[in-house]
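All remarks here apply to the structure that follows.
Counting begins at 1 with the first residue of the sequence. Predicted, not measured: the structure shown is a model, and the values here were computed from it.
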Amino acid sequence: MVKAKSKSKNGSEKKKKEERVTFNIDKEKNFSEWFTEIIKTAELADIRYNVKGFLVFQPWSVMAMEKMYKHYEKVLQRKGHRPYWFPTVLSEKNFYLEKEHVKGFSPEVFWITEAGNTRLNEKLALRPTSETAFYQMFSLWIRSYKDLPFKTYQRANVFRYETKATRPFLRSREFHWIETHCAHATQQEAEKQVKEDMETSKELLRDIFCLPFIFFERPQWDKFAGAEKTFAADVLNPDGKLVQQPSTHLLGQNFSKPFNVKFKDKDGKEKYCFTTCYGPAISRIFASIVIVHGDNKGLKFPWNIAPVQVIIVPIGEDREVARKAEEIKREFETQEFEVEIDSSDKTPGEKFFFWEMKGVPLRIELGIKEIREKELTIYRRDIEKKEKVKEKDLLNYIIKTSESYDENLLKHADALFEGRIKDVKSREEIRAALESGEIARCGFCSINKEGEKCAEVVEKDLMAKVRGKKLEAEKPSGSSEKCAICGKKAQEVVYIAREY
């Protein structure tokens with residue numbers, strides 16, 4: 001619940017100007033309950049839909065995520081990806097063509113077995129991901145080396161029967177994402193695409209969504225089902241747990257061979273393509289935006305995805321104030337800013353704290369005094385301060401602030417990682433780091449199959465996961481020369497953390 005606190009005069013008269021909105025749950029002390037509370041209070045999603053693991057996305061989250069999709073699709077199309085809309089269902093025959101893929105996803109598949117009163121001759125799967133759909137069509141579309149690289153994407157919802165505890169946006173049985181699928185002539189070109197995908201993650205996650213992250217090469221036992229290698233971005237929560245965000249996968253020819261995705265090279269010989277895929281889950285990224293930037297007042301949206309960027313709050317019911325509010329709104333809209341006027345019958349204090357809770361970047365306070373003095377009060381959600389701005393300078397102020405606003409969010413978000421990576425050399429030191437909300441960095445025997453037994457110890461005994469190794473080479477030395485679990489010579493430096 002959200003409560004408004006106010007001081008009283010002579011035990012009765014309330015000073016609305018002193019109202020403050022706070023949450024019953026402190027984010028730093030009880031993050032999990034805070035997250036549940038902000039979803040409900042800010043009306044991001046309604047979890048009362050009567051099918052377990054599915055939720056109703058409400059307008060405030062949908063408007064933000066639509067902007068997120070827009071930014072992502074713009075970047076993908078600039079880099080040569082073309083949009084497709086594929087069916088939601090997969091044929092059972094296609095699904096079972098790639099063995100490792102089947103092994104990884106079968107336990108999570110929703111199967112359709114009946115239509116009306118008719119039992120289907122072949123089961124249909126609600127897509128948990130779409131490799132088997134895309135590559136069936138690639139085999140029909142790709143003929144020559146001139147068709148390559150063949151770069152596609154779709155925005156879609158996918159379905160997975162998640163057996164762990166579900167959390168809105170973080171872990172659901174239906175989530176909203178973008179998936180890219182690309183075919184290349186050589187392994188080297190496929191590897192280049194994977195690097196481009198990681199650059200795309202940086203371009204969006206950090207530069208637009210203001211989220212700091214670490215990219216890891218995942219261990220072989222934790223790679224995408226059917227991939228040769230998986231690389232994934234991990235974003236840190238305030239409670240020390242990691243959230244996996246966009247991952248990109250080097251698939252080699254594991255799908256092109258069973259789906260017969262071939263091309264004729266310059267020499268006229270038929271060759272199998274090398275494929276890659278990339279999956280930024282918009283709904284999960286949205287969760288990290290809420291988590292990383294929010295505080296005890298509520299949400300803080302980065303400028304470029306805020307559903308409303310500027311809220312104008314008229315003080316009083318004077319017609320001149322109303323006309324000026326509309327005039328300012330129209331002027332801002334010429335610059336394509338998202339602007340609203342709060343003309344509700346709430347008190348100014350209630351309006352102020354409501355829009356702070358909703359995460360609107362800027363608030364303009366407008367009354368007769370401001371009109372007469374031709375100077376307005378602007379509240380900035382990023383630095384929690386008010387500033388006085390001359391009316392003649394207002395538009396330039398908004399433009400300038402829109403360009404620098406996210407720098408403050410990113411600076412604060414970057415601080416989450418400061419001092420949170422702990423060098424350790426034993427199982428007990430890993431445990432202590434995890435209990436303190438830290439990421440453990442240590443020597444490890446291998447991220448290939450031979451290290452899987454040590455990874456099982458990490459999962460069962462420490463309730464954590466080996467996230468993988470950083471892309472920049474970190475050679476074992478000093479305290480990391482031996483595996484922190486088995487004591488054998490370390491081949492890698494890995495990061496261990498708990499996750500959502």
Side-chain angles (χ1 to χ4, degrees), residues 69 71-84 86 98 100-101 129-139 141-156 158 177-208 213-218 220 222-234 244-266 271-282 285 468-472:
Y69 271 119
H71 283 290
Y72 239 112
E73 292 187 73
K74 183 178 180 180
V75 171
L76 289 173
Q77 290 187 25
R78 172 164 54 81
K79 295 183 178 183
H81 296 266
R82 291 293 173 257
Y84 287 79
F86 268 71
E98 208 289 319
E100 287 299 315
H101 191 67
T129 179
S130 303
E131 283 71 23
T132 57
F134 272 78
Y135 304 141
Q136 171 199 357
M137 301 308 296
F138 277 20
S139 68
W141 295 337
I142 297 172
R143 287 287 176 264
S144 163
Y145 70 92
K146 295 180 181 179
D147 297 325
L148 302 176
F150 196 82
K151 301 174 69 169
T152 70
Y153 81 90
Q154 73 167 340
R155 57 179 291 181
V158 291
W177 75 347
I178 289 172
E179 54 181 307
T180 77
H181 297 278
C182 304
H184 309 272
T186 67
Q187 177 83 355
Q188 291 74 23
E189 289 174 15
E191 290 172 352
K192 184 179 178 181
Q193 180 61 52
V194 166
K195 290 180 181 178
E196 181 187 280
D197 294 341
M198 288 188 273
E199 290 167 1
T200 298
S201 288
K202 187 266 178 188
E203 195 170 338
L204 275 300
L205 259 68
R206 186 170 180 84
D207 299 347
I208 301 296
F213 62 90
I214 301 176
F215 240 113
F216 294 113
E217 179 183 342
R218 289 286 190 246
Q220 281 293 299
D222 194 30
K223 65 183 180 180
F224 177 78
E228 291 183 353
K229 289 185 178 181
T230 286
F231 304 86
D234 281 348
Q244 177 173 305
Q245 292 299 356
S247 55
T248 178
H249 314 286
L250 187 66
L251 303 179
Q253 296 176 327
N254 292 340
F255 286 91
S256 58
K257 288 183 177 179
F259 283 93
N260 206 33
V261 184
K262 295 179 179 179
F263 70 98
K264 280 191 176 182
D265 208 346
K266 293 179 181 179
K271 297 179 180 178
Y272 286 105
C273 292
F274 293 82
T275 59
T276 62
C277 61
Y278 171 57
I282 299 299
I285 297 172
K469 66 178 183 179
K470 287 182 72 172
L471 304 183
E472 306 84 10

Can you check whether [X] reaches [Y] side chain to side chain, under 4.5 Å on heavy atoms?
| X | Y | value |
| --- | --- | --- |
| D147 | W141 | no |
| F216 | K469 | no |
| Y145 | K264 | no |
| K202 | F213 | yes |

> S201 and Q245: side chain to side chain contact (heavy atoms under 4.5 Å, CB included), yes or no, with the steps?
Replying inline: CA-CA 9 Å; S201 288; Q245 292 299 356; over 6 Å; no

Donor-acceptor contact present, side-chain [X] to main-chain [Y], <3.5 Å:
| X | Y | value |
| --- | --- | --- |
| N254 | G226 | yes |
| E196 | E191 | no |
| K151 | K79 | yes |
| E179 | S130 | yes |

> Does the pair V194 and K229 meet the rule for a side chain to side chain contact (heavy atoms under 4.5 Å, CB included), with working shown?
Replying inline: CA-CA 10 Å; V194 166; K229 289 185 178 181; over 6 Å; no

>> Students often mix this up, so state it plainly: with edges at 30° and 60°, are the rings of F255 and F259 parallel, tilted or perpendicular?
In response: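 Parallel: the ring planes of F255 and F259 meet at under 30°.
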
> Which word best sums up how the rings of F150 and F138 line up, parallel for under 30°, tilted for 30 to 60°, or perpendicular for over 60°?
Replying inline: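 F150 and F138: perpendicular rings.
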
Assess the pair [X] and [Y]: is the distance between their ring centroids shorter than 6.0 Å?
| X | Y | answer |
| --- | --- | --- |
| F224 | H101 | yes |
| F86 | F134 | yes |
| Y69 | Y72 | no |

[X] [atom1] to [Y] [atom2] distance, which is reported to the nearest 0.5 Å:
| X | Y | atom1 | atom2 | value |
| --- | --- | --- | --- | --- |
| S256 | H184 | OG | NE2 | 11.0 Å |
| S144 | K262 | OG | NZ | 15.0 Å |
| L204 | L76 | CG | CG | 7.5 Å |
| H71 | D207 | NE2 | CG | 11.5 Å |
| Y272 | Q253 | OH | CD | 8.5 Å |
| L205 | I285 | CG | CD1 | 5.0 Å |

>> Applying salt bridge (charged side-chain N to carboxylate O under 4.0 Å, His left out) to K223 and E100, what does each step give before you reach the verdict?
In response: CA-CA 11 Å; K223 65 183 180 180; E100 287 299 315; over 6 Å; no

>> Name the residue from T275, T230, D197 that meets the side chain to side chain donor-acceptor pair (under 3.5 Å) definition with H249.
In response: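 In the set T275, T230, D197, the residue that makes a side chain to side chain donor-acceptor pair (under 3.5 Å) with H249 is T230.
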
> Looking just at side-chain N and O atoms, do T276 and Q193 make a donor-acceptor pair shorter than 3.5 Å?
Replying inline: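 T276 vs Q193: no donor-acceptor pair found between side chains.
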
>> Under 3.5 Å, is there a donor on one side chain and an acceptor on the other for E131 and T129?
In response: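 Short answer, yes.
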
Minimum heavy-atom separation for [X] and [Y], please, with both atom names.
| X | Y | answer |
| --- | --- | --- |
| Q187 | G252 | OE1-CA, 4.1 Å |
| F263 | C273 | CD2-SG, 3.6 Å |
| R143 | S139 | NH1-O, 2.9 Å |

> Excluding sequence neighbours, so at least two apart, what forms salt bridge (Lys or Arg N to Asp or Glu O under 4.0 Å) with E73?
Replying inline: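 Scan of E73 (salt bridge (Lys or Arg N to Asp or Glu O under 4.0 Å), adjacent residues dropped) gives R155.
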
> Ion pair present between D234 and R218, side-chain N to carboxylate O less than 4.0 angstrom?
Replying inline: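 Answer for the salt bridge query: yes.
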
>> Quick one, Y153 with R82, criterion side chain to side chain contact (heavy atoms under 4.5 Å, CB included). Give me CA distance, side-chain angles, the key distance, then yes/no.
In response: CA-CA 6 Å; Y153 81 90; R82 291 293 173 257; 5.9 Å; no

>> Run the side chain to side chain contact (heavy atoms under 4.5 Å, CB included) test on Y135 and C277 for me, step by step, so that the C-alpha distance in whole Å, both residues' side-chain angles and the decisive distance to 0.1 Å come before the verdict.
In response: CA-CA 11 Å; Y135 304 141; C277 61; 4.1 Å; yes

